[in-house]
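The structure appears right after this line, and notes come after that.
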Amino acid sequence: MSVILTPPGPELRLLVSLASWTWPGTGPDGREVAHILITHTPHLTGLVTTEAVEARMRRLSDSLGGLAGPRETVPELDRCLQTVGGQVLVHFRGASRSLRLPTRRSWTELVARNGEAILLLGLEQLPRSAGADQLDAYLDAALAADRLLFGRARTR
């Protein structure tokens, strides 16, 4: 008999293959809301298939408590955001490290004030070098194809 041990959270290899973007936006109720997009980067994955990327991102979703599709109720995630000085980190349950988000002071203050951010997890790859136009096109295409998962990430 053999036993395969599976780590409880995402592997470090997955965490270093992630890219993230942050921006302020407006929620359905008109309030200012912080947004986070996390995707898998293509350049570090080598010959990883689309299916493998999706499986990795869904495992990441599971480690956050489970995110929802665009037509579902957006779940409140476990406390996974942490503000340290001017930095905001996303902590994945079972992972040895957190993901440091790219931030501006006004965005960090928005997260601190609201105590949460809308987290979008992209199931398609997007390079870290993507600019605003590429990011908008990615979000439009991923939303239309049901390739985004959503959650409300909290600091408290």
Side-chain angles (χ1 to χ4, degrees), residues 7-45 48 52-70 72 74-143 147-156:
E11 301 170 4
L12 182 57
R13 181 175 50 175
L14 172 58
L15 294 180
V16 299
S17 69
L18 299 175
S20 58
W21 294 263
T22 58
W23 69 95
T26 305
D29 60 359
R31 278 187 333 134
E32 190 175 27
V33 178
H35 290 83
I36 303 164
L37 171 66
I38 299 174
T39 67
H40 203 285
T41 59
H43 71 281
L44 293 176
T45 58
V48 175
V53 168
E54 180 175 347
R56 288 178 175 179
M57 298 308 283
R58 288 194 183 275
R59 183 162 181 221
L60 200 62
S61 168
D62 291 344
S63 76
L64 290 166
L67 283 75
E72 301 169 336
V74 177
E76 262 191 45
L77 306 175
D78 296 336
R79 183 178 169 254
C80 60
L81 292 180
Q82 180 180 10
T83 304
V84 179
Q87 299 179 17
V88 178
L89 308 172
V90 178
H91 177 72
F92 301 97
R93 188 175 43 225
S96 60
R97 304 209 177 186
S98 296
L99 177 66
R100 188 174 84 183
L101 299 173
T103 62
R104 290 204 163 108
R105 183 177 181 180
S106 59
W107 187 87
T108 303
E109 290 170 352
L110 178 61
V111 170
R113 189 169 56 250
N114 290 351
E116 69 177 16
I118 300 300
L119 176 62
L120 295 84
L121 203 62
L123 300 178
E124 301 289 340
Q125 299 179 63
L126 183 66
R128 283 189 180 103
S129 61
D133 290 342
Q134 287 175 296
L135 187 58
D136 285 344
Y138 176 91
L139 289 169
D140 289 343
L143 186 59
R147 305 293 291 160
L148 286 174
L149 299 175
F150 297 84
R152 289 176 52 205
R154 297 179 298 132
T155 60
R156 46 188 163 206

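- With hydrogens and angles ignored, the 3.5 Å screen pairs no side-chain donor or acceptor of Gln87 with any backbone N or O of Val84.
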* Carefully, step by step, assess Leu149 and Leu120 under the rule side-chain contact (heavy atoms from CB on, under 4.5 Å). => CA-CA 6 Å; Leu149 299 175; Leu120 295 84; over 6 Å; no
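- Residues Leu81 and Val111 meet the side-chain proximity criterion, which asks for heavy atoms closer than 4.5 Å.
- The side-chain heavy atoms of Pro102 and Ser20, taken from C-beta on, include a pair separated by under 4.5 Å.
- Annotation: side chain of Leu148 is in contact with side chain of Leu37 (closest heavy-atom distance under 4.5 Å).
- Arg147 contributes no side-chain N or O that, together with a main-chain N or O of Glu54, makes up a donor-acceptor pair within less than 3.5 Å.
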* May I have the step-by-step check of side-chain contact (heavy atoms from CB on, under 4.5 Å) for Leu99 and Leu89, ending in yes or no? => CA-CA 5 Å; Leu99 177 66; Leu89 308 172; over 6 Å; no
* Asked: Does the pair Glu124 and Arg56 meet the rule for a salt bridge (charged side-chain N to carboxylate O under 4.0 Å, His left out), with working shown?
  -> CA-CA 11 Å; Glu124 301 289 340; Arg56 288 178 175 179; over 6 Å; no
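- To the nearest 0.5 angstrom, Leu126 atom CG is 12.5 Å from His40 atom NE2.
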* Tell me, with the steps shown, if Glu76 and Arg152 meet salt bridge (charged side-chain N to carboxylate O under 4.0 Å, His left out). => CA-CA 5 Å; Glu76 262 191 45; Arg152 289 176 52 205; 3.4 Å; yes
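- A donor-acceptor pair is defined here as one N or O able to donate and one able to accept, closer than 3.5 Å; no such pair exists between the side chain of Asp78 and the backbone of Cys80.
- The side-chain heavy atoms of Trp23 and Ile36, taken from C-beta on, include no pair separated by under 4.5 Å.
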* Under the side-chain contact (heavy atoms from CB on, under 4.5 Å) criterion, do Thr155 and Gln82 qualify, and how do the steps go? -> CA-CA 6 Å; Thr155 60; Gln82 180 180 10; over 6 Å; no
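- More than 12 non-hydrogen atoms from other residues, nucleotides or ligands lie less than 6.0 angstrom from CZ of Arg113.
- Exactly one of Leu77, Leu143, Leu119, Leu121 qualifies for a side chain to side chain contact (heavy atoms under 4.5 Å, CB included) with Phe150. That residue is Leu143.
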* Dump the intermediate steps for side-chain contact (heavy atoms from CB on, under 4.5 Å) on His91 and Leu64, then the final yes or no. => CA-CA 8 Å; His91 177 72; Leu64 290 166; over 6 Å; no
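- For the pair Thr39/Leu18, no side-chain contact is recorded, criterion being any heavy-atom separation below 4.5 Å from C-beta on.
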